[in-house]
Structures are given as C-alpha cells and as structure tokens.
Amino acid sequence: MSIRDKVVVITGASSGIGAATATMLAKQGAKVMLGARRTQRLEALVRDIEHLGGKAAYYQVDVTQFDQVQGLVQVDVLFNNAGIMPNSPMSDVRLDEWNAMIDVNLKGVLHGIAAVLPIFKAQKSGHIITTSSVAGLKNYVGSGVYGATKFAVRNAMEVVRMESAQEGTRIRTTTLFPAAIDTELVQHIGEPATAERMKSFYQVHSISPDAVASCVRFAIEQPEDVDISEMTIYPTSQA
C-alpha cells in the first residue's frame, strides 16, 4: 500500500523514534500530524520536514488526557509512540513513577485507540501502530512496572486485531518491540544504580531510531489485506 498522501498521526513525535518516523514517512509523501507536549521541538521538526518538501503539522497533546486525543478525523494511520521509562527496583516502591508509566504507556495508548476506532470502523480501514518494548515480551530486573505496561499494550493491540477480523472492519494493527534504541528514555531514569546500568548498556548496544522508523514504513507499505502484527527490533550486538 502506498504511503503517499496517507494521513499519519504520531504521538511522542518530538524526539527519538517519533521524530525519525515522521521524517521518514514525510519523505515518502505521507501527511504527518505530530503530537507531543514539547511544542518548540514540534515546530522545529515541522520546519525541517517542510524544508525537505514534506507535509507536516503539529498539535500539543498530553496522551494521558483523552479530551486532548479526541477529535481526529480522516486518519489513515495512528502511531501510538509516546512513552516513558523511569525504571527502578520494585522494592523502591516509587508509586509516582509507577502511576506515570501506567498513565502514559498504557492509558495513553488506550486513549489513542479509543480516538480512532470509531473512525476506522466507519471507514472500514485504518492502521494502529504502537510502540511496546522487548520488556513487553521478556522480564527484566528493574523494569517491573514498565514491562507490565508494555505487556498490557501487546494484549490490547492483539485483541483489537482479532475483534476487527471478526467484525470485518479491516483494521490493521502492528505492535513494535524495540530493544536498545538511542532515544531519551534512559536519560529520565531517576534511580541512580538503574540509570547507570542502563546508560552503560545503551552506550555499547543502542542503534538509531531510524531502525524502528523503517519497520513502521514496512508495515504501512504492505497490501491492505496483509497485517504485520508484531515486529521485534534488536541491535545485532544485543544478546
């Protein structure tokens, strides 16, 4: 399926995977709508995309607030990419960080799904892409709550796919499971030992967000009757 002229909404678009995906898809002719909280970064990204000849716009959105996610119209693809990863041992009981991850990583995804499902059901087409994590496939020390949100995302996305197949609404879903990707996530880990361990690991193994953007592009480009439901993205050096 051609990406050209498809309307693609991307949350968490101000940096990392979201920004890389927006740029790559815009180069292929998509009309990208960029959502995040940091509008200055979004403004700069829109200018960069337009300078390259692409089409882009932005809106300020906090995915934890459903009323800010509602109102999407004429959307072809939603990329639920907003996420946070303030990891720590469970025994630290950092409730504020736990709740923040649940709000952004899980509720934010559900808000995106809720916003587009009526549109996609009515038009009998659409594609929901969501960033989970390898922590949504495997258990990692220090990632208990983060992993729990990402496991939940995997389940929700697969059920959307199954129900759409039963209902005949032809909604495609793709869940991405990135491993060590060079993004800002590790810069916001507050627990010192966990932060140091993960930063050291990422310095050795992390790869460009363009790797994930290429997977998004691949999933969108498939024929409309083909659903790439899950993709795991590892650096070749990560065991």
Side-chain angles (χ1 to χ4, degrees), residues 1-14 16-36 42 45-46 48-50 52-61 63 66-83 108-132 153 156-176 209-210 212-231 233:
M1 186 172 69
S2 174
I3 291 175
R4 180 164 297 279
D5 294 326
K6 294 294 181 185
V7 179
V8 181
V9 175
I10 303 173
T11 66
S14 59
I17 292 170
T21 302
T23 302
M24 184 174 292
L25 296 184
K27 286 180 179 178
Q28 299 302 310
K31 301 173 183 176
V32 293
M33 175 64 74
L34 313 179
L42 294 177
L45 181 56
V46 167
D48 290 344
I49 290 172
E50 291 177 340
L52 296 171
K55 298 178 181 178
Y58 76 90
Y59 68 111
Q60 186 175 30
V61 61
V63 296
F66 182 57
D67 60 343
Q68 295 185 28
V69 184
Q70 278 183 302
L72 299 175
V73 293
Q74 296 180 331
V75 177
D76 298 300
V77 181
L78 168 67
F79 183 18
N80 282 314
N81 178 64
V109 168
L110 295 177
H111 288 166
I113 292 172
V116 297
L117 272 183
I119 301 166
F120 288 174
K121 287 180 70 174
Q123 65 194 25
K124 290 190 179 299
S125 67
H127 196 164
I128 303 171
I129 303 173
T130 295
T131 302
S132 178
V153 162
M157 287 287 288
E158 177 63 5
V159 171
V160 170
R161 185 197 67 78
M162 295 168 65
E163 291 179 351
S164 173
Q166 291 178 341
E167 296 166 1
T169 51
R170 301 190 302 177
I171 299 169
R172 302 194 297 175
T173 69
T174 302
T175 307
L176 306 173
D210 288 339
V212 183
S214 294
C215 292
V216 173
R217 173 184 170 183
F218 176 79
I220 296 173
E221 285 179 330
Q222 298 310 300
E224 291 188 12
D225 61 349
V226 175
D227 188 341
I228 306 296
S229 64
E230 296 187 348
M231 303 178 78
I233 307 105

- Hey, are the side chains of Val9 and Tyr59 touching, using non-hydrogen atoms and a 4.5 Å cut-off? yes
- Query: OG1/Thr21 to CG/Asp210 distance, rounded to the nearest 0.5 angstrom?
  - Reply: 8.0 Å
- Item | Contacts of Phe66 that satisfy ring pair (Phe, Tyr, Trp, His ring centres under 6.0 Å) - sequence neighbours left out | His111
- Any donor-acceptor pair under 3.5 Å from Asn81 side chain to Ala13 backbone: no
- Query: Nearest 0.5 Å, what's the NZ-CG distance between Lys31 and Leu25?
  - Reply: 14.5 Å
- Taking C-beta and beyond as the side chain, do Ile3 and Val8 meet within less than 4.5 Å on heavy atoms? no
- Work out which heavy atom in Ala56 is nearest to a heavy atom in Glu50; give both atom names and the distance. O-OE2, 3.6 Å
- Message: Return the OH to CG distance between Tyr58 and Leu34, rounded to the nearest 0.5 Å.
- Response: 10.5 Å
- Task: Grab the two heavy atoms, one from Ala115 and one from Pro118, that are nearest each other, plus how far apart they are.
- Result: O-CD, 3.9 Å
- Message: Whether the side chain of Asp76 engages the backbone of Val7 through a donor-acceptor N/O pair (distance < 3.5 Å, no angle test) should be reported.
- Response: yes
Only pairs under 3.5 Å count here: list side-chain donor-acceptor contacts from residues 120-128, not counting sequence neighbours, and write none if there are none.
residue: Gln123; atom: NE2; partner: Val75; partner atom: O; Å: 3.1
residue: Gln123; atom: NE2; partner: Ser125; partner atom: O; Å: 3.1
residue: His127; atom: ND1; partner: Arg172; partner atom: NH2; Å: 3.4
residue: His127; atom: NE2; partner: Thr174; partner atom: OG1; Å: 2.8

- Item | Minimal non-hydrogen separation, Thr175 against Ser132, with atom names | CG2-CB, 3.7 Å
- Message: Restricting to non-hydrogen atoms, name the atom on Met231 and the atom on Ala219 that form the minimum distance, rounded to 0.1 Å.
- Response: SD-CB, 4.4 Å
- Message: Walk me through whether Ile129 and Val77 qualify under side chain to side chain contact (heavy atoms under 4.5 Å, CB included).
- Response: CA-CA 7 Å; Ile129 303 173; Val77 181; 3.9 Å; yes
- When every non-hydrogen atom of Ile49 is compared with those of Ala26, the smallest separation belongs to CG2-CB, 3.4 Å
- Item | Atom pair NZ (Lys27) and CZ (Arg217), whose distance is rounded to the nearest 0.5 Å | 10.0 Å
- Ignoring hydrogens and geometry, is there a side-chain-to-backbone donor-acceptor pair from Thr11 to Ala82 under 3.5 Å? yes
- So, do Ile113 and Met157 sit near enough that their side-chain heavy atoms are less than 4.5 Å apart? yes
If you look only at distance, which donor and acceptor atoms sit under 3.5 Å apart when one is on a side chain in residues 159-167 and the other is two or more places apart or in another chain?
residue: Arg161; atom: NE; partner: Glu158; partner atom: OE1; Å: 3.1
residue: Arg161; atom: NE; partner: Glu158; partner atom: OE2; Å: 3.3
residue: Arg161; atom: NH2; partner: Glu158; partner atom: OE2; Å: 2.8
residue: Ser164; atom: OG; partner: Thr169; partner atom: OG1; Å: 2.8
residue: Ser164; atom: OG; partner: Arg170; partner atom: N; Å: 3.3
residue: Ser164; atom: OG; partner: Ile171; partner atom: N; Å: 2.8

- Taking all heavy atoms of Leu78 and all of Gly112, pick out the closest pair and write down the distance. CD2-O, 3.3 Å
- Distance in Å, Leu117 CG paired with Leu110 CG, rounded so as to fall on 0.5 Å steps: 10.0 Å
- Task: Quick one: pull up CG in Leu176 and OG1 in Thr130 and give me the separation to the nearest 0.5 Å.
- Result: 8.0 Å
